[in-house]
There are 2 protein chains.
Amino acid sequence: MSRKQVTLADLAQELGISTATVSRALKDYPDISPATKKRVLELANKLNYRPNSIAAGLRKRESKIIGVIIPSIVNHFFSSVIKGIMQVAYEAGYKVMLCQTDESFEKEVADTRAMFDSRVDGLLVSLAHETDSFDHFKPFFESNVPVVFFDKVPPTLDDVSRVVVDDYKGAFLAVEHMIQQGCKKIAHFRGPQSAYTSRNRNQGYIDAIKKHGLPLDDSLLYDCAHITIEEGQSFAKEVLAQHPDCDGIFTITDAVGLGAMIALKEMGYRIPKDVALVGFSDWEISKVVDPPLSSVSQPSLQMGRQAASILLEEIIATRDEVDYANKNVMLDTKLQIRASSLSKELAV
Amino acid sequence: MSRKQVTLADLAQELGISTATVSRALKDYPDISPATKKRVLELANKLNYRPNSIAAGLRKRESKIIGVIIPSIVNHFFSSVIKGIMQVAYEAGYKVMLCQTDESFEKEVADTRAMFDSRVDGLLVSLAHETDSFDHFKPFFESNVPVVFFDKVPPTLDDVSRVVVDDYKGAFLAVEHMIQQGCKKIAHFRGPQSAYTSRNRNQGYIDAIKKHGLPLDDSLLYDCAHITIEEGQSFAKEVLAQHPDCDGIFTITDAVGLGAMIALKEMGYRIPKDVALVGFSDWEISKVVDPPLSSVSQPSLQMGRQAASILLEEIIATRDEVDYANKNVMLDTKLQIRASSLSKELAV
DNA sequence: AAGCATAACGTAATCGTTTTCGTATATGTT
DNA sequence: AACATATACGAAAACGATTACGTTATGCTT
């Protein structure tokens, strides 16, 4: 059996009044008598009437849906961002439509198109790795549908809102902290330099080294292609073979940091006495490994909430035909200092 | 400025033909001349025409959206399930609308209602912890909108499809394995017994103990309320204080198992020589900790794909007005045997 | 009593597509 | 020549809710 549904017309017919009156009664308009409202409400409850938001959406030209496009969902950072987005959306009465690009440009284009066809009221995007052209967002711009980028944002696009994390500062403070704790030769297991965030963290590392007069040495930079635990393990072995006097490692993310920790312990190095270790992203597991891993925490939930709030403001502004200025928000990271990088003298 | 959009009528007027012809030309209907098709296609491209799927949805009475309701998204298991769902949905041309209940019954009810109002073509649900009544799904049943439950499924509802993991068997095989490796006294750090899955794992533990003639001892059962690393740590200390001869621990999930591992090492126990350890869920980190943690892996991606596939089949069947039988799928777990539980005699 | 305001509802257009019937012209058949 | 068959398109009615305009009946003012 196929679908059947209760409509305004059903209620109207049953009550012998017009659909207009039923609609207004349900919306509690002032020019409907209390008696009629009561009758409508009761019948609606009895028949389990539920408004068809597709029909309402067509008429009102809004879907009450916001689209979210992310590279990957199986990822603590992104899933937290989505949680933040969904919180804000729910509070404002919006639903969330989700797509995952798997870092593929083509999928991103297809997803963007699908979102537009669904007439989402606004779009939240974190770009795929491969993405370096932005024409697929043009339909949104031309139709005045707000788009807010977060985390991985387009470098060239000018008139859009963005929410990012201050990767540079996070990395800078992490490395500076390591130097202050006595590190003299710090390696950096960095991410792919095609990625915006990875570049910023790399630059933070470099500037901290420079500021404190330590020598810059490119052979202390190791490129993680996949950002895995395994890469952390192998690079840890590599760096200490090439640089036996390396006494600190700063990693692009905790996965790599944890891998390095495992390898260092296997090789018999003491952390932080022989080699200090600082990661990025502050995974849940990091605070309970042995020793607890210092890490730069990113406000992922906050990022989702901020991005969604900005988007909703822009949606409202667009609907009410008022101008708005694009926002560029940079969220602060926080260095979580733990035993893996604590003062070498004090450490056991 | 508000929204403006290109419609079929715009194309029709520009070309001096009817909207019906334009619509059919775009859908490549056979009774439209190649010349007209070409003209339409070209203008559509030029004006960047994109069909309004809200309007189409209203007319065709389908949204091409499937709703997904889960307790939590910041969770490796659930985010993997969602990934699986999105893969299948994308291949079939469906979009995904997502809600998170945060384990709250009231939120689940509100989300279910929102999904229905959005006229999703089908619904995928993993129930909230608190949920023990199912009336909120009635509108779906009454309107013949397919619903498929996964992971946390309703015990009482009869005529719905379900996809679950064989927790019982997974736990049974894990504990049996520990016994075969020489464990004589195995503790179980179990989950809240209000949860279906936790109960099944608990029963698997009990039956394996029984089958192999080991004594059952309720004081070896520890109740994790929050399923955290910290609980694993504190219970590990507790159990070895109360039962110095405990030589194996099976935990409700890897978080707890990893916590136990940390505490055991701190206290100077060797793993697995003194105490063997097996977790559940097979976290990514588990294969690289020291020693690698044995764990029961759940096919999370597979679960998402299966649930989505079944839902799509039911959507098609409903649309074509053919009957379908509800499915009950139980997915197999797989015991990943690693050093943390390997034969005590062989272990170092 | 004429005029006006107000309360409470109805009519009908509208949103953008899809789809069911047509219809007109051209072509082929006998 | 009469008829059937294709071909290529159009008119108009859906889909269900919203809303700009009416409209009617009643009460109130002066």
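Quick note on labels: first sequence line is chain A, next is B, and so on, each numbered from 1.
The separation between Ile32(A) atom CD1 and dT19(D) atom C1' is 12 Å, rounded to whole Å. Whole-Å rounding puts the Leu26(A) CG to dT19(D) C1' distance at 15 Å. Going from atom CD of Glu62(A) over to atom P of dA17(D) covers 16 Å, rounded to whole Å. One interatomic measurement links the two molecules: CZ of Arg50(B) to P of dT17(C), which rounds to 11 Å at whole-angstrom precision. If you measure from atom CD1 of Ile54(B) to atom C1' of dG16(D), you get 13 Å, rounded to the nearest angstrom. Here dG16(C) presents its C1' atom at 9 Å from CZ of Arg61(A), a figure rounded to the nearest Å. Distance CG (Leu58(B)) to C1' (dA14(D)): 9 Å, rounded to an integer number of Å. Taking atom NZ of residue Lys37(A) and atom C1' of nucleotide dA7(C), one finds them 12 Å apart after rounding to whole Å.
Note that the two end axes of the helix from dA1(C)-dT30(D) to dT30(C)-dA1(D) enclose an angle of 60°, each drawn from 5 base pairs, rounded to 10 degrees.
Between Ser63(A) and Ile54(B), the shortest heavy-atom distance links the atoms CB-CD1, 3.8 Å. Between Thr19(B) and Ala12(B) the shortest heavy-atom distance is N-CB, 3.7 Å.
Residue-level contact check: Thr36(A) touches the backbone only, with heavy atoms under 4.0 Å from sugar-phosphate atoms and none from bases. Ile17(B) comes within contact range of the sugar-phosphate backbone alone, with a heavy-atom separation under 4.0 Å but no base atom that close.
Shown are Asp151(A), Val153(A), Asn326(A); of these, the side chain to side chain contact (heavy atoms under 4.5 Å, CB included) with Arg162(A) is made only by Val153(A).
Annotation: side chain to side chain contact (heavy atoms under 4.5 Å, CB included) contacts of Ser79(A) (sequence neighbours excluded): Ile73(B), Val74(B). For the salt bridge (Lys or Arg N to Asp or Glu O under 4.0 Å) test, residues two or more places apart in sequence or in another chain that qualify with Asp28(B) are Lys37(B). When the ring pair (Phe, Tyr, Trp, His ring centres under 6.0 Å) test is applied to Phe105(A), the partners found at least two apart in sequence or on another chain are His136(A).
A side-chain donor-acceptor contact under 3.5 Å links Gln5(A) and Arg119(B).
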How would nucleotides 18-24 of chain C be written as a contact map, 5' to 3', with B for base contact, S for sugar-phosphate-only contact and - for no contact, using protein heavy atoms under 4.0 Å? BBB----

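For Ser18(B), taking side-chain heavy atoms from C-beta onward, the closest of the listed nucleotides dG10(D), dC9(C), dC15(C) is dG10(D).
In this model, the phosphate group of dA17(D) is not approached by any side-chain N or O of Ser53(A) to a distance below 4.0 Å at OP1 or OP2.
Listed by first and then second residue, the salt bridge (charged side-chain N to carboxylate O under 4.0 Å, His left out) pairs involving residues 85-110 of chain B are Lys83(A)-Asp102(B), Glu91(B)-Arg305(B), Lys107(B)-Asp111(B) (not counting sequence neighbours).
Residues Phe137(A) and Phe149(A) place their aromatic rings such that the two centres sit under 6.0 Å apart.
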